[in-house]
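Just below is one structure, and these are the notes that go with it.
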Amino acid sequence: MSVIAGSLGVMELADFRIRVLETATRVEARTGIDPLDTTLSMAVTTDARLEKLPGSIGIGLGAMAIAATVSTSGLIASVRSAPNYAVLGLLVVLIVALAGGSVSCALIARAAVSRRAANNRYDDAWAQLAVEVWPAPRYRSWADGPGAASGYSRTEFLLALGRGESLENFARHCPFVRMP
């Protein structure tokens with residue numbers, strides 16, 4: 001392990017890894033949840049993103065379904081001769097697929113919201129770990145100035161910890177959990 005510019009040395013980095021593991025053991029004993037569980041961390045992060053799915057993609061799919069329905073009905077109303085059934089069939093399939101995608105986004109988000117209680121338990125366990133491991137203030141700039149968020153995620157930290165990689169980039173700054 002190399003020495004971090006700013007005074008964290010080899011011994012302090014080894015102590016940091018040990019402190020994280022010991023703290024995680026204590027937090028797991030109190031909460032019943034392992035805050036270092038990478039799979040659970042990724043699931044919680046994914047569910048947080050899936051909860052936003054209807055607003056980000058579902059509304060767009062629904063709007064396109066409505067626009068396609070309006071344009072198709074206009075096409076049917078303006079046709080004076082026999083309509084091309086292949087084109088109309090394709091448009092109906094497109095409308096059904098767009099509407100189905102919009103409904104699917106809402107159902108997927110609802111399933112993610114239903115797991116929120118379990119996800120909050122993990123987030124609470126992670127918060128207890130973070131408060132005990134990283135010094136206050138938890139969010140410090142790289143130049144030790146007042147308040148700036150970290151440049152890495154909880155998942156990056158957990159993967160580095162699990163792989164036995166150097167923690168020198170993680171020792172001074174708490175990872176961000178969710179983007180606003």
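Ala125 and Thr31 get closest at one heavy-atom pair: CB-OG1, 3.8 Å. Across all non-hydrogen atoms, the minimal contact from Ala109 to Glu51 is CB-O, 4.1 Å. When all heavy atoms are compared, the tightest approach of Ala160 to Phe170 is CB-CE1, 3.5 Å. Minimum heavy-atom separation, Ala106 to Pro54: CA-CG, 4.0 Å. Leu50 and Ala112 make their closest contact through CB-CB, 3.9 Å (heavy atoms, listed as atom of the first residue, atom of the second, distance).
When the salt bridge (charged side-chain N to carboxylate O under 4.0 Å, His left out) test is applied to Arg121, no partner is found at least two apart in sequence or on another chain. Scored by the salt bridge (charged side-chain N to carboxylate O under 4.0 Å, His left out) test, Glu165 finds Arg163 as partners (sequence neighbours excluded). Taking Ser41 as the reference, Arg154 meet the side chain to side chain donor-acceptor pair (under 3.5 Å) condition, with sequence neighbours excluded.
The backbone N or O of Leu98 lies less than 3.5 Å from no partner atom in the side chain of Ser102, so there is not a single donor-acceptor pair. The closest donor-acceptor contact from the side chain of Trp134 to the backbone of Pro175 lies at 3.5 Å or more, if one exists at all.
Separation of atoms CD (Glu28) and CG (Leu129) is listed at 11.0 Å; rounding is to 0.5 Å. Distance check, rounded to the nearest 0.5 Å: CD1 of Ile66 to CG of Leu61 gives 11.5 Å. In this structure, CD1 in Ile59 is found 10.5 Å from CG in Leu53, a value given to the nearest 0.5 Å. To the nearest 0.5 Å, atom CG of residue Leu40 and atom OG1 of residue Thr45 are 9.5 Å apart. The OG1 atom of Thr25 sits 7.5 Å away from the CD atom of Glu22 when rounded to the nearest 0.5 Å.
Here salt bridge (charged side-chain N to carboxylate O under 4.0 Å, His left out) pairs that include residues 31-50, with residues two or more places apart or in two chains, are Asp47-Arg115. Sorted by first then second residue, the side chain to side chain donor-acceptor pair (under 3.5 Å) pairs that include residues 54-73, not counting sequence neighbours, number zero.
Annotation: Arg26, atom CZ; neighbour count of heavy atoms from other residues, nucleotides and ligands within 6.0 Å is above 12.
Counting heavy atoms from C-beta on, the side chains of Phe16 and Val133 come closer than 4.5 Å. With contacts defined as side-chain heavy-atom distances shorter than 4.5 Å, the pair Leu36/Leu161 qualifies.
Cluster annotation: Val44 and Ile33 are assigned to the same hydrophobic cluster (Ile/Leu/Val/Met/Phe/Trp/Tyr, side-chain heavy-atom contacts under 4.5 Å, transitive). The hydrophobic clustering, which links ILVMFWY residues whose side-chain heavy atoms are closer than 4.5 Å, places Leu21 and Trp126 together. Leu91 and Ile76 fall within the same hydrophobic cluster, where Ile, Leu, Val, Met, Phe, Trp and Tyr residues are linked whenever their side-chain heavy atoms come under 4.5 Å apart, directly or through other members.
Annotation for Val103: hydrophobic cluster partners, listed by chain and number, are Leu107 (ILVMFWY side-chain heavy atoms under 4.5 Å, direct or chained).
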